[in-house]
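In what follows, a structure is listed as structure tokens, so that the remarks can point back to it.
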Amino acid sequence: MTVRTRFAPSPTGYLHIGGARTALFCWLFARHHKGTFVLRIEDTDEVRSTHESVDAILESMAWLGLDWDEGPSLTRHDEGWEEKGGHGPYFQMKRGEHYRKHLEQLLAEGKAYRCYCTPEELAAKREQASKEKKPVRYDGRCRDLTDAQRRVFEAEGRKPSVRFRMPQEGSTVVSDEVRGEVSFENNLRQDFVIAKGSGVPTYNFANVIDDHLMEITHVVRGDEHLNNTPEQIHIYQALGFALPKFAHLSMIMGPDGTKLSKRHGATSVLEYRDQGFLPEAMRNYLALLGWSNPESQQLFEAAELVAKFGLEGCQKNPATFDNQKLLWMNSEYVRKLSPETLVDRARPFLEKGRLGGVHRDALAKAVKLEQEKVTLLSELPGRLDFFFHDAVYDPKAMDKVLKVPGAGKVLEELAPALAAVELFAAKPLEDRIRRFCEEKGLKVGQVFHPIRVAVSGRTMGPGLFEMLEVLGKEKVLARLEAARKLI
RNA sequence: GGCGCGUUCGUCUAGCGGCCUAGGACGCUGCCCUCUCAAGGCAGAGAUCAGGGGUUCAAAUCCCCUACGCGCCA
């Protein structure tokens with residue numbers, strides 16, 4: 001049996017961290033088993049669903065490298081998205097026919113029935129029960145209506161919803177790949193609505209129909225659905241469908257222990273992209289939120305992650321999102337890139353700075369000197385700007401390093417010495433400058449630091465000689481001069 | 001309110017009855033390296049395994065209760 005998993009987001013907003021983690025686990029599981037990964041859009045919430053949300057979700061998934069075998073195409077045309085795969089459509093709003101058909105079947109077999117209670121009536125009953133401290137459940141009023149009663153309700157113009165007839169006794173066991181067997185008492189459950197008065201199917205119903213028709217073998221989803229699973233299981237059974245395997249993933253929390261939300265800062269995947277995170281770092285970090293392997297390995301190559309991932313390593317308890325570790329992981333991934341690749345990957349940020357026009361090779365040379373310090377791609381313009389534009393002198397650096405006795409003299413005397421260096425490269429420059437120190441009887445710090453600030457405007461930066469080499473003789477001499485005038 | 005799930009260093013986690021004086025990773029502290037900032041190397045602080053009862057020769061690991069957190073239904 002080939003594995004088929006699915007990620008089924010509601011397009012009511014961007015793809016957030018929690019959703020991305022779920023998608024990643026579904027994807028990893030499918031890829032690990034050489035199975036199929038399906039993307040289904042659950043757009044039955046007509047009010048809140050938007051095309052823009054669909055776009056954002058697709059874009060986020062693509063950015064993270066979570067490719068889907070079946071589902072909508074990445075880009076939208078005037079008429080909507082094209083779809084690929086033999087189990088479509090992949091938008092629930094286009095699947096009404098399937099829901100209707102199975103709804104009819106359940107109704108015909110008496111496994112579901114029409115309920116004529118109005119929302120107002122139900123709300124009143126709920127309130128009543130709540131006052132009397134009784135369990136608030138549907139009372140089954142429409143469970144066994146006669147035809148005559150039904151006609152009366154119809155005549156009143158009531159739009160019936162459809163309820164599923166749940167067993168009243170015994171218990172339902174959910175066999176979960178992550179949590180093991182979880183048991184639920186049936187008499188505590190109620191006949192739940194599977195189609196609203198408008199005819200729109202509810203989540204629990206549409207989900208089951210789609211998962212079955214799409215031949216999903218493993219339903220991997222968030223923890224919040226564990227409690228809905230008994231209801232779903234009964235729908236599967238009522239329709240004679242084979243049960244898929246279930247795996248419920250723990251939730252992701254913010255630093256304060258509550259469910260991760262906007263209050264905690266960035267939660268949208270695309271925000272992380274825009275902050276300068278690398279998708280492979282994000283993916284690696286997300287994989288570690290709620291999953292681990294016995295070796296406690298932290299960094300994984302893409303293929304390695306697929307090879308080692310399994311539901312056994314999934315955590316039952318919720319995980320707190322830790323931005324610091326994500327940051328660390330990103331810097332690890334940045335360091336692994338070749339300077340050229342790093343330049344390419346940072347392109348949007350370089351453009352946004354003022355380095356868009358600089359040649360790739362020139363950028364790569366400069367990048368090479370700073371790469372090991374880079375945490376986010378967005379830092380690059382700030383770190384590299386002085387290589388290609390006039391230095392901006394940091395007042396603190398000026399006070400501390402240049403506006404001190406002797407610094408001006410160092411710059412003045414050093415200029416001709418550097419001008420005389422023929423091969424303007426790190427090694428000869430270092431030799432010359434060290435010799436200069438000896439000649440003048442100065443400590444290296446008394447010379448190195450002023451040069452650094454004069455040339456870059458800052459106290460921190462790349463190795464001095466490499467930096468001078470990349471800048472080139474002309475710029476170096478010009479800046480020594482410029483800095484001297486500022487003192 | 002009912003039901004369900006969860007609880008190991010600040011955080012992510014290893015652990016599935018003896019190997020645990022509880023291991024790793026991020027972060028933190030100190031030292032080394034060094035022209036700065038990083039990186040790297042070394043060292044260190046940090047968890048009475050939520051609390052309380054059992055079971056057992058032996059429990060972080062099994063059972064029960066309590067507390068707290070989260071989720072679902074309403």
Side-chain angles (χ1 to χ4, degrees), chain A residues 122-123 125-127 129-138 171-172 174 176 178-190 192-193 203-204 222-231 248-260 284-299 312-332 334-335 369-375 379 383 397 400-401 429-430 433-434 437 442-453 455-456 458-468:
Chain A
L122 292 169
K125 277 186 192 168
R126 236 179 278 136
E127 204 177 317
S130 167
K131 253 189 213 155
E132 293 168 15
K133 305 244 164 151
K134 282 188 193 159
V136 267
R137 290 168 55 214
Y138 175 64
S171 58
T172 305
V174 177
D176 190 274
V178 174
R179 278 150 211 280
E181 309 223 311
V182 185
S183 178
F184 298 85
E185 294 293 318
N186 289 154
N187 62 22
L188 264 17
R189 314 241 126 200
Q190 60 179 335
F192 59 102
V193 175
Y203 168 81
N204 282 129
D223 203 16
E224 67 268 28
H225 294 117
L226 178 61
N227 286 289
N228 291 325
T229 311
E231 274 79 3
H248 289 92
L249 271 18
S250 59
M251 318 227 59
I252 296 178
M253 318 297 257
D256 59 355
T258 62
K259 193 172 167 177
L260 192 66
N284 193 153
Y285 177 69
L286 251 22
L288 255 29
L289 266 190
W291 174 80
S292 66
N293 71 340
E295 292 81 44
S296 276
Q297 186 180 341
Q298 305 293 312
L299 267 9
E312 326 76 57
C314 288
Q315 199 71 14
K316 294 187 189 75
N317 48 305
T320 302
F321 190 82
D322 180 12
N323 215 263
Q324 267 187 327
K325 187 157 183 179
L326 207 213
L327 250 11
W328 163 77
M329 200 162 271
N330 206 59
S331 64
E332 289 289 326
V334 166
R335 253 175 261 144
L369 305 185
E370 286 287 81
Q371 183 163 6
E372 63 190 12
K373 288 171 235 173
V374 175
T375 301
E379 291 166 19
R383 287 185 180 278
K400 209 176 133 199
V401 180
L429 283 166
E430 175 166 9
I433 294 171
R434 285 193 188 277
C437 296
L442 294 166
K443 286 190 216 156
V444 291
Q446 292 175 286
V447 176
F448 289 10
H449 296 317
I451 306 177
R452 169 181 302 287
V453 175
V455 126
S456 71
R458 302 185 305 219
T459 53
M460 314 177 305
L464 183 60
F465 314 109
E466 291 75 13
M467 175 165 72
L468 294 179

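Throughout, a chain's letter reflects where its sequence line sits, starting with A, and its residues are numbered from 1.
- Side chain of A:N228 to main chain of A:N204: no donor-acceptor pair is present (N/O by atom type, distance under 3.5 Å, no hydrogens or angles).
- Residue order along RNA chain B, read from the 5' end via each residue's closest nucleotide, puts A:E430 first among A:H225 and A:E430.
- With a 3.5 Å ceiling on both atom-pair distances, B:C37 lacks any Watson-Crick or G-U wobble partner.
- Counting any heavy atom pair closer than 4.0 Å across all strands shown, A:Q298 reaches a base atom.
- A sub-4.0 Å separation between OP1 or OP2 of B:U7 and a side-chain N or O of A:N317 is present.
- The side chain of A:R434 places an N or O atom within less than 4.0 Å of a non-bridging phosphate oxygen (OP1 or OP2) of B:C35.
- Residue A:R458 is out of contact with every strand shown, counting any heavy-atom pair closer than 4.0 Å.
- Here the nucleotide nearest the side chain of A:S292, chosen from B:C5, B:C72, B:U13, is B:U13.
- Phosphate proximity of B:U11 to A:T320: absent, as no side-chain N or O sits under 4.0 Å from OP1 or OP2.
- Here B:C20 sits opposite no nucleotide as a Watson-Crick or G-U wobble pair (both hydrogen-bonding atom distances under 3.5 Å).
- B:A47 and B:A60: their C1' atoms are spaced 11 Å apart (whole Å).
- Put simply, CD on A:Q297 is 16 Å from C1' on B:G23, counting in whole angstrom units.
- For A:R189 against A:N227, the heavy-atom pair with the smallest separation is NH1-O, 3.1 Å.
- Nearest nucleotide to the side chain of A:R179, out of B:G6, B:U11, B:C12: B:G6.
- Between A:F321 and A:Y285, the ring-plane angle classifies as perpendicular under the 30° and 60° cut-offs.
- Annotation: A:K373, atom NZ; neighbour count of heavy atoms from other residues, nucleotides and ligands within 6.0 Å is above 12.
- For the 3.5 Å distance criterion, the side chains of A:N293 and A:E295 qualify, holding a donor opposite an acceptor.
- Residue A:D176 contributes atom CG, which lies 13 Å from atom C1' of B:G6 at whole-angstrom precision.
- If you check B:C5, B:C37, B:C12 against the side chain of A:D223, the one that comes closest is B:C5.
- In this structure, of B:U36, B:C12, B:C3, it is B:U36 that holds the atom nearest to the side chain of A:H449.
- A donor and an acceptor atom, one from each side chain of A:T375 and A:N330, are nowhere located under 3.5 Å apart.
- Straight-line distance between the C1' atoms of B:C70 and B:C32: roughly 46 Å, to the nearest whole Å.
- Atom pair A:E332:CD and B:A38:C1' shows a separation of 13 Å (rounding to whole Å applied).
- A gap of 41 Å separates the P atoms of B:G41 and B:G52, to the nearest Å.
- Atom pair A:M253:CE and B:G6:P shows a separation of 14 Å (rounding to whole Å applied).
- Of all nucleotides listed (B:C26, B:G40, B:G71), B:G71 comes nearest to the side chain of A:E224.
- Here the CE-CZ distance, from A:M460 to A:R452, works out to 10.0 Å after rounding to the nearest 0.5 Å.
- Applying the Watson-Crick and G-U wobble criteria (two distances, each under 3.5 Å), B:A67 pairs with B:U7.
- Annotation: the span from A:R179 atom CZ to A:S250 atom OG amounts to 6.5 Å, rounded to 0.5 Å.
- In a base pair of the Watson-Crick type (N1 to N3 plus N6-O4 or O6-N4) or a G-U wobble (N1-O2 and O6-N3), with each distance short of 3.5 Å, B:A14 is matched with no nucleotide.
- Here A:S183 lies in heavy-atom contact (under 4.0 Å) with sugar-phosphate atoms only.
- Across B:G10 and B:C73, the matching C1' atoms stand 35 Å from one another, rounded to whole Å.
- Between A:W328 atom CH2 and B:A38 atom P the separation is 18 Å, expressed in whole Å.
- As judged by a 4.0 angstrom heavy-atom cut-off over every strand, A:F184 is placed among residues touching the sugar-phosphate backbone only.
- Distance check on atom C1': B:U29 versus B:C9 gives 15 Å, rounded to whole Å.
- In the interface, the side chain of A:K316 is not paired with the base of B:C5 through any donor and acceptor atom under 3.5 Å apart.
- Taking 4.0 angstrom as the limit, A:Q315 places none of its side-chain polar atoms (N or O) nearer than this to OP1 or OP2 of B:U7.
- With distances taken from any side-chain atom of A:L464 to the nucleotides B:C35, B:A25, B:U11, the minimum falls on B:C35.
- In this structure, A:G461 reaches the bases: a heavy-atom distance under 4.0 Å links it to at least one base atom across the strands shown.
- If you take atom P in B:C26 and the same atom in B:U21, they sit 26 Å apart, rounded to whole Å.
- As judged by a 4.0 angstrom heavy-atom cut-off over every strand, A:G290 is placed among residues touching the sugar-phosphate backbone only.
- The CG atom of A:L327 sits 9 Å away from the P atom of B:G27 (whole-angstrom rounding).
- A:R452 contributes a side-chain N or O that forms a donor-acceptor pair with the base of B:C35 under 3.5 Å.
- A distance of about 27 Å separates the C1' atoms of B:C68 and B:A25, rounded to the whole Å.
- When rounded to the nearest whole Å, the span between CG of A:L226 and P of B:C72 equals 11 Å.
- Summarising the base pairing, B:G44 is matched to B:C28 through a Watson-Crick or G-U wobble pair whose two defining distances lie under 3.5 Å.
- Once rounded to the nearest 0.5 Å, the distance linking NZ of A:K325 with CD of A:E332 reads 11.0 Å.
- Nucleotide B:U55 is matched to nothing when pairs are restricted to Watson-Crick or G-U wobble geometry with both distances under 3.5 angstrom.
- Side-chain nitrogen and oxygen atoms of A:S296 include none within less than 4.0 Å of the OP1 or OP2 phosphate oxygen of B:A25.
- Look at the C1' atom in both B:U11 and B:A58: the space between them is 33 Å, to the nearest Å.
- In this structure, A:K373 atom NZ and B:U34 atom P are separated by 17 Å, rounded to whole Å.
- Within the shown strands, nothing qualifies as a pairing partner of B:A60 under the Watson-Crick or G-U definition with both distances less than 3.5 Å.
- For A:P294 and A:D322, each mapped to the nucleotide of RNA chain B holding its nearest heavy atom, the one lying further toward the 5' end belongs to A:D322.
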